[in-house]
Amino acid sequence: MILSMQKFMEKIKQISKENEKIAIFVDMDGTIAVYNVYQDESVSKKMEDEYLKVEPVNYVINVLKQLDKLENIDIYILTLSRTLKITEQKKEWLRKNLPFVKENNWIIITKEINEYSKENRDIVKAEKMKEKCNAYNKLILLDDDHKILKETQKMLGDCGRVFHISSILV
């Protein structure tokens, strides 16, 4: 695992040298928070009941702490949430487990208030990232969802890079 982290850090540091200002967008569930799989009909209820107990993926969080020390990198949390209650719990979880990421850098997209749907789920993160294109030379997404990564790379083109969480873990 150490080797993977070092390779990932080297890639990010190289991107950092080549670009004046970088934003790294980090997914929560399955990336920095252990993702529990539930039956479709009970996902929202189970997450509402249990989100604050979700284990942090400390290995990845430690990598983010190192990246946060690089001057030209801003870290954002970019995550989907099914309900407003889960959104509030994700905020509480972030306060506890990632206090070094500023709250105004948390982008929590909530289905219950129609910020995303099943139809646009795979592109909504890329759309949110594109809103920051003018402020940064390079946008990076760290996520565990292949469809989201693929669509994000397609939508951002040369302005963006995507990394699957396994690039740190494996």
Side-chain angles (χ1 to χ4, degrees), residues 1-35 56-81 86-88 90-111 113 115-116 120-170:
M1 263 211 264
I2 303 292
L3 184 61
S4 297
M5 182 189 75
Q6 287 173 339
K7 284 183 180 178
F8 178 77
M9 290 296 292
E10 286 171 19
K11 284 181 187 176
I12 299 301
K13 284 179 180 178
Q14 187 59 42
I15 293 169
S16 172
K17 286 178 188 169
E18 295 168 357
N19 294 277
E20 196 175 316
K21 199 146 171 57
I22 299 163
I24 298 179
F25 295 85
V26 183
D27 175 50
M28 283 184 75
D29 305 315
T31 303
I32 58 171
V34 173
Y35 183 73
V57 181
N58 288 317
Y59 187 78
V60 176
I61 292 171
N62 289 333
V63 169
L64 295 176
K65 283 179 185 173
Q66 290 180 45
L67 292 176
D68 191 52
K69 292 175 185 168
L70 298 175
E71 282 186 33
N72 63 333
I73 292 181
D74 291 332
I75 297 176
Y76 288 83
I77 301 302
L78 179 58
T79 187
L80 303 178
S81 174
I86 296 169
T87 296
E88 288 310 309
K90 284 187 174 206
K91 289 176 182 178
E92 194 171 327
W93 190 95
L94 286 166
R95 280 185 202 100
K96 178 182 175 188
N97 295 290
L98 274 87
F100 60 94
V101 178
K102 296 176 263 180
E103 284 192 40
N104 59 343
N105 285 11
W106 300 349
I107 304 168
I108 304 174
I109 308 164
T110 308
K111 187 175 186 178
I113 56 173
E115 291 179 333
Y116 80 94
N120 74 347
R121 180 191 182 284
D122 297 337
I123 63 167
V124 70
K125 286 184 179 181
E127 291 172 342
K128 288 289 182 186
M129 289 173 71
K130 278 181 95 168
E131 292 173 9
K132 304 282 185 190
C133 253
N134 292 335
Y136 296 95
N137 305 94
K138 188 65 78 176
L139 306 174
I140 296 171
L141 177 62
L142 180 62
D143 206 307
D144 66 319
D145 188 303
H146 291 279
K147 285 183 184 175
I148 289 173
L149 291 166
K150 193 167 112 180
E151 291 301 320
T152 299
Q153 189 64 69
K154 203 180 340 175
M155 285 178 72
L156 295 179
D158 292 340
C159 171
R161 287 282 309 264
V162 300
F163 292 93
H164 189 272
I165 187 59
S166 64
S167 63
I168 296 177
L169 298 176
V170 178

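The side-chain hydrogen bond (donor to acceptor under 3.5 Å, both in side chains) check on T87 picks up S81, T110, with sequence neighbours excluded. Every residue two or more places apart in sequence or in another chain that forms a side-chain contact (heavy atoms from CB on, under 4.5 Å) with K111 is listed here: Y116. Q153 is linked by a side-chain contact (heavy atoms from CB on, under 4.5 Å) to V162, counting only residues two or more places apart in sequence or in another chain. The salt bridge (charged side-chain N to carboxylate O under 4.0 Å, His left out) check on K125 picks up D27, D143, with sequence neighbours excluded. The salt bridge (charged side-chain N to carboxylate O under 4.0 Å, His left out) search around K102 returns none, not counting sequence neighbours. Scored by the salt bridge (charged side-chain N to carboxylate O under 4.0 Å, His left out) test, K154 finds E151 as partners (sequence neighbours excluded). For E71, the side-chain hydrogen bond (donor to acceptor under 3.5 Å, both in side chains) criterion is met by no residue, not counting sequence neighbours. For Q14, the side-chain hydrogen bond (donor to acceptor under 3.5 Å, both in side chains) criterion is met by E18, not counting sequence neighbours. With sequence neighbours left out, K130 forms a side-chain contact (heavy atoms from CB on, under 4.5 Å) with M155, L156. When the side-chain contact (heavy atoms from CB on, under 4.5 Å) test is applied to N19, the partners found at least two apart in sequence or on another chain are I15, I22, N137, K138. The salt bridge (charged side-chain N to carboxylate O under 4.0 Å, His left out) check on K91 picks up E88, with sequence neighbours excluded. For T79, the side-chain hydrogen bond (donor to acceptor under 3.5 Å, both in side chains) partners are K90, not counting sequence neighbours.
In this structure the side chain of D29 never reaches within 4.5 angstrom of the side chain of L80, judged on heavy atoms. Looking at heavy atoms from C-beta onward, P56 lies in side-chain contact with W93 at the 4.5 angstrom threshold. Taking the side chain as every heavy atom from C-beta outward, L67 and M9 approach each other to under 4.5 Å. By the 4.5 Å heavy-atom criterion applied to side chains, I148 and L141 are counted as neighbours. Annotation: side chain of R95 is in contact with side chain of E92 (closest heavy-atom distance under 4.5 Å).
Ring planes of F25 and Y76: parallel class, angle under 30° (limits at 30 and 60°).
The number of heavy-atom neighbours closer than 6.0 Å to NZ of K21, taken from other residues, nucleotides and ligands shown, is above 12.
Looking at every heavy atom in both residues, G30 comes nearest to I165 through O-CG2, 4.0 Å.
For the atom pair CG (D145) and CZ (R121), the distance works out to 5.0 Å, reported to the nearest 0.5 Å. Atom CG in N62 sits 12.0 Å away from atom CD1 in I32 (nearest 0.5 Å). Taking CZ from F100 and CG from N105, the interatomic distance works out to 11.5 Å, rounded to the nearest 0.5 Å. Taken to the nearest 0.5 Å, the NZ atom of K7 stands 14.5 Å off from the CD1 atom of I12. In this structure, the separation between NZ on K13 and CD1 on I73 is 9.5 Å, given to the nearest 0.5 Å. A distance of 11.5 Å separates CG of D74 from CD1 of I140, quoted to the nearest 0.5 Å.
When each of T31, I107, L94 is checked for a side chain to side chain contact (heavy atoms under 4.5 Å, CB included) with I77, only L94 meets the rule.
With hydrogens and angles ignored, the 3.5 Å screen pairs no side-chain donor or acceptor of D68 with any backbone N or O of L64.
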